[in-house]
Amino acid sequence: MSMLEYGVVHARQPTLTHLRSPHQPLATSSSSSSSLINVAAQPLHIHHSSLPTSVNKFRKLRMRKRSGAGGGMMMVKATSVASSERSAGGGSGEMREVKAVVTIVPNATKIFQEIVSRVKEDIADLLGKSLLLELLSSEVDSESGLEKPKISAYAHKTLKNADNHIIYEAEFLVPEDFGTVGAILVENEHHKEMFLKDIQVIGLDDGAPTFHSSCGSWVHSKFDNPIKRIFFNNKPLDLRRGGWAALAGRDVAWLAEREEALTADLLDRFGWGFRPPSLCSQSEGDPAAQIARQRTPPTALRLGSYLPCETPEGLKEYRKKELALMRGFGIKVREAHDRIYDYDVYNDLGDPDSDLDLLRSYVRNSKQRCVCAEDESFSGVKQLSFAFNTVSSVLHAIVPTLQTYFIDSNLPFPFFTAIDKMYNEGINIPELPHKSVLDLFPRLMKAVTDLNSRVICFETPAVFEKDKFSWFRDDEFARQLLAGINPHAIRRVTEWPLKSNLDPEIYGSAESSITTELVEKEIKGLMTVEEAMEQKRLYVLDYHDIFIPYVSKVRELENTTLYGSRTLFLLTQDNILKVVAIELTRPKSDTQPQWRQVFTPGWDATSSWLWRMAKAHVLAQDSGYHQLVSHWLRTHCCTELYIIATNRQLSAMHPIYRLIDPHFRYTMEINALAREALINAGGIIESCFSPGKYSIELSSAAYDLQWQFNTEALPEDLISRGLAEKDEAAPHGLRLFISDFPYANDGLLIWDSIKQWVSDYVNYYYPDPKLVETDEELQAWWTEIRTEGHGDKKDEPWWPVLKTPKDLIQIITTIVWVTSGHHAAVNFGQYDFAGQEWKEFVDKPEIALLHTFPSQAQASKVMAVLDVISTHSPDEEYMGEHMEAAWKDDPEISAAFERFRGRLMEIEGIIDSRNLDPELKNRHGAGVVPYQLLKPFSEPGVTMKGIPYSISI
């Protein structure tokens, strides 16, 4: 039992539905006992007696008799529930008639529900008691200061629309003085949850919409949880229908002076006498109140997106209590239907009950988190689509089938042509999965027209198809560091000689064996090392310190080896990276001294094959680092923290919530799938990538050593790695030291476009800088990200402060970039780049080299998984393609979004033209795959382009 400021919890878990205000008498109807708290509030200083006649008579609707359904739509009068609500509070005067239209998406995963439940739901629909709706006014009663009585009615199933969505409708009789509908409570009378797409309320006299909420949320059954769901309005303020209440606190002369849009007619309607308290606060001394009085009218003319201080009186407590529910009140026992966001470590990766070798301990500062919130599940649409079913099926059906095909899972490729056969002839699987599973793989498993052939063929990766021998060349090895799927590891050499930061007493000598003499010999007198550093031409791929602590442990695993590595590059005059040397290191142990060797491109047979083997080890490390750090840690994992904090601290009506929410869709669910079969003990990552069972532990170590929020921003990331410097005269205010750097060049276009869109949005809602500091939800959100999500880094000096709109713009742009551009760059090229990595090292005469490759079983499993996670779903939601409903209804935000969309379309053309420029050799040339990973839009499939809003695969 928990005490709250305005009431007492009377249920098994904290609910809004069982709280009541000490200032309000108990409701007289049975339905009101399960409604959200009614709370006393300070009365607005508005007197009905002083209102002009034009207001009292404005848009009164006459009640009309209806003989039945019109236009195929079922018209339902308000039930006795609505009557009892009105009798409790007493609405008076003329009534207006409105209709609520609710869109439900069928639950694709529960098509075969048990017959009993389905019959119960059909009966509930037939009786008209399947979905209870309660309209909440954004205003409070002007005399008592209490919440206005709710208007309730049951919605009835009517028809299906063109998208096969189910439509429910309810009709309400609303008192003229009810004001604007600010929110709707929903109670699901079915025995199963339903996915509520949106709710609209329209006037029956003129069809004008007065309420719209793009819900996009699961609504639990009341039999599972008595809490009613609340959905807030995201329609802009309608001055014609009670919208004047949101302007209470505005001096009329002030409005007239600053808002041309308020015509003389409207000013006449607002010409009553009232004392002008702040819209944000009743306290004249409140800083937020003083700021609010200086705000420009357009921000006051919104309904739907509110800063906390702007919240209409009728919705203030609903806003607070909804957030309290999302935090869970500290309740530890969670149910599947709960909408609770909380922090915890990933403690579900191991499976010691089935095998002690699958025991995994989580690392204290791993910051990998989980959440219990049904809304993070895929919607019905997404469940029907390619994304969810394909990922799940490839992990649980195709991969195990491939595993059983290979008698020896460690069997290497016997010769080069055996790899070609995977694409040309396929793999003959004795027990092919059922055709319904294969149907999900239109691209991955090609040429299975005759199911009895039991042959699975893989698509030829684009890199291999473009130039069959590109894998063999050093220039392609180097080019992919700038235009491949892992451009996040290379950095400029700023100190010489190269040194380790690890303890030499434990790991051996810190100084690299790559010497000045060796480097100057390899670059054949073009320049000295000192000159190369001064001219910013020396670069390194340094996988020494991150891998060395795991080398000894990994080498104890069966059929596995590992080294630490450093690879040195020289930037040529043509902006091409030339590989100079590779150093492989094995640390000292109790039985062996430290071992190090430097390899260089050779001309004789022995040195040539040793060079290829050295590259093989570097590529294995780069592949592991890409998956575990650049991809998993920096996008999937860390985004969870933003999602949790956003849902715990920002109301659904907060403008920043509505800005960033599209970038969080489905990430929690896809991460849950990853924990089941990708990053779990014995999963794809552990069984196929070089750190083996220590993969997630290495990812956690990388977080501890390398992760900083400020350098997640693309410009700061490039600067921190020595790849760029600030230059106001340069494009994007940044001068790149490698001018032909496809990822950076295209990425900065996307970054600037995101930042301009975020700037337009933030500056609209925060015209006064002080509003950022006084926004308690926003400040709590940022504090929680730093102190809870990243608690062990909370005192780091690099955390940005959040005091001004400029600070907020940088923070939001960084988060949006991580979920969109960064993730697209590291994810959607995986099959076409990583899918051919082992070919880099195959050569028939060198059996030893073939044994350093992934085995046939490992290669097949990785190919299957990479193909799927590189694929765009048919219903992919690309950033900038479609406008969110919460933005569409506000003209200024809508216009800003259209500008954003236009810039992204321009970027498409810019990238196309760059890929045709013969001067840009890292993205154009014979056999070179053009760099398209940051093209904003794409068709479905494996396309190596397209930037979705969120991390949904």
Side-chain angles (χ1 to χ4, degrees), residues 341 343 345 363-369 487-489 491 546 628-650 656-657 659-661 663-664 667 671 699-724 726 734 744 747-748 750-752 754-755 758-759 762 772-773 775 777-823 825-826 950-951:
Y341 290 80
Y343 298 91
V345 294
V363 180
R364 176 182 173 274
N365 61 1
S366 69
K367 296 305 164 203
Q368 291 145 357
R369 304 297 190 177
H488 297 93
R491 60 179 57 245
I546 190 65
L628 297 170
V629 181
S630 301
H631 187 190
W632 168 253
L633 172 66
R634 293 181 61 180
T635 65
H636 285 260
C637 184
C638 286
T639 296
E640 287 197 18
L641 307 177
Y642 310 142
I643 296 172
I644 296 172
T646 297
N647 284 278
R648 285 167 56 87
Q649 299 298 341
L650 295 182
I656 298 304
Y657 177 95
L659 173 62
I660 60 179
D661 180 59
H663 297 280
F664 296 154
T667 299
N671 285 3
S699 176
S700 299
Y703 166 82
D704 185 45
L705 293 171
Q706 300 176 357
W707 189 90
Q708 294 183 195
F709 180 86
N710 60 324
T711 55
E712 292 301 288
L714 177 59
E716 282 66 23
D717 173 45
L718 296 171
I719 292 171
S720 71
R721 290 191 278 142
L723 305 176
K726 291 184 178 180
L734 214 62
L748 288 170
I750 300 296
W751 170 272
D752 281 359
I754 293 171
K755 190 168 187 177
V758 173
S759 298
V762 168
V772 171
E773 282 194 274
D775 186 336
E777 286 184 9
L778 188 69
Q779 293 298 328
W781 169 77
W782 184 236
T783 297
E784 183 164 298
I785 286 175
R786 292 182 291 109
T787 62
E788 292 290 333
H790 297 281
D792 49 346
K793 290 180 177 280
K794 67 179 189 297
D795 297 321
E796 295 288 351
W798 40 255
W799 280 107
V801 297
L802 180 53
K803 294 183 177 180
T804 67
K806 183 179 179 181
D807 300 333
L808 180 57
I809 289 165
Q810 181 70 9
I811 290 168
I812 297 298
T813 302
T814 300
I815 292 173
V816 170
W817 164 255
V818 168
T819 63
S820 56
H822 181 135
H823 180 256
V826 299
S950 63
I951 303 166

**Q.** Euclidean distance, Trp707 CH2 relative to Arg634 CZ, rounded to 0.5 Å
**A.** 10.0 Å
Q | Considering all heavy atoms, the nearest His823-Ile951 contact | A | NE2-CG2, 3.5 Å
Q.
To check you understand the geometry: which heavy-atom pair defines the closest contact between Val772 and Pro805, and what is its length?
A. CG2-N, 3.6 Å
Q) So how far is it from Leu778 CG to Ile812 CD1, rounded to the nearest 0.5 Å? A) 7.0 Å
Q) So, His822 side chain and Ser630 main chain: donor-acceptor pair closer than 3.5 Å or not? A) yes
Q: For the pair Val818 and Thr639, evaluate side-chain contact (heavy atoms from CB on, under 4.5 Å) and give the outcome as yes or no after the intermediate values.
A: CA-CA 8 Å; Val818 168; Thr639 296; 4.0 Å; yes
(Q) For Trp781 and Ile811: C-alpha separation, side-chain torsions, deciding distance, then whether side-chain contact (heavy atoms from CB on, under 4.5 Å) applies. (A) CA-CA 12 Å; Trp781 169 77; Ile811 290 168; 4.0 Å; yes
**Q.** Student check: side-chain heavy atoms of Thr814 and Asn710 closer than 4.5 Å
**A.** no
Q | Sub-4.5 Å side-chain heavy-atom contact between Leu633 and Leu628 | A | no
Q. About how many Å separate CZ of Arg648 and CD of Glu784, when rounded to the nearest 0.5 Å?
A. 4.5 Å
Q) What's the verdict on side-chain contact (heavy atoms from CB on, under 4.5 Å) for Gln810 and Lys755, showing C-alpha distance, side-chain angles and the deciding distance? A) CA-CA 7 Å; Gln810 181 70 9; Lys755 190 168 187 177; 3.2 Å; yes
Q: Determine the sole option in Leu723, Asp752, Ile719 for which the side-chain contact (heavy atoms from CB on, under 4.5 Å) test with Leu734 is passed.
A: Ile719
Q: Supply the atom-to-atom distance Asp795 CG to Arg786 CZ, rounded to the nearest 0.5 angstrom.
A: 9.5 Å
Q.
Could you report the tightest heavy-atom contact between Trp782 and Val801, atom names first, then the distance?
A. NE1-C, 4.4 Å
Q: Could you tell me how the ring of His790 sits relative to the ring of Trp799: parallel (under 30°), tilted (30 to 60°) or perpendicular (over 60°)?
A: tilted
Q. OG1 of Thr783 to NZ of Lys794: how many Å apart, nearest 0.5 Å?
A. 12.5 Å
(Q) Which heavy atom of Trp751 sits nearest to which heavy atom of Ala713, and what is that distance? (A) CH2-CB, 3.4 Å
Q | Heavy-atom closest pair, residues Val629 and Ala702 | A | CG2-CB, 3.6 Å
(Q) If we ignore hydrogens and angles and just use 3.5 Å, is the side chain of Asp807 paired with the main-chain N or O of Thr804 as donor and acceptor? (A) yes
Q | Candidate pair Ser820 and Ile754, rule side-chain contact (heavy atoms from CB on, under 4.5 Å), full reasoning | A | CA-CA 10 Å; Ser820 56; Ile754 293 171; 3.7 Å; yes
Q) What is the distance from atom CG of Leu748 to atom CG of Leu714, rounded to the nearest 0.5 Å? A) 4.5 Å
Q) Is the shortest heavy-atom distance from the side chain of Glu777 to the side chain of Gln649 under 4.5 Å? A) no
Q: Determine yes or no for a side-chain-to-main-chain donor-acceptor pair under 3.5 angstrom, with Glu640 supplying the side chain and Tyr343 the backbone.
A: no
Q. Under a 4.5 Å cut-off applied to non-hydrogen side-chain atoms, are Phe664 and Ile815 in contact?
A. yes
Q.
Once you measure the plane-to-plane angle for Phe709 and Tyr642, does it fall in the parallel (<30°), tilted (30-60°) or perpendicular (>60°) bin?
A. perpendicular
**Q.** Heavy-atom closest contact (Cys637 atom, Asn671 atom, distance)
**A.** N-ND2, 4.4 Å
(Q) Any side-chain to backbone donor/acceptor pair from Thr819 onto Val816? Under 3.5 Å, distance only. (A) yes
Q | Side-chain heavy atoms of Asp661 within contact of Thr646, under 4.5 Å | A | no
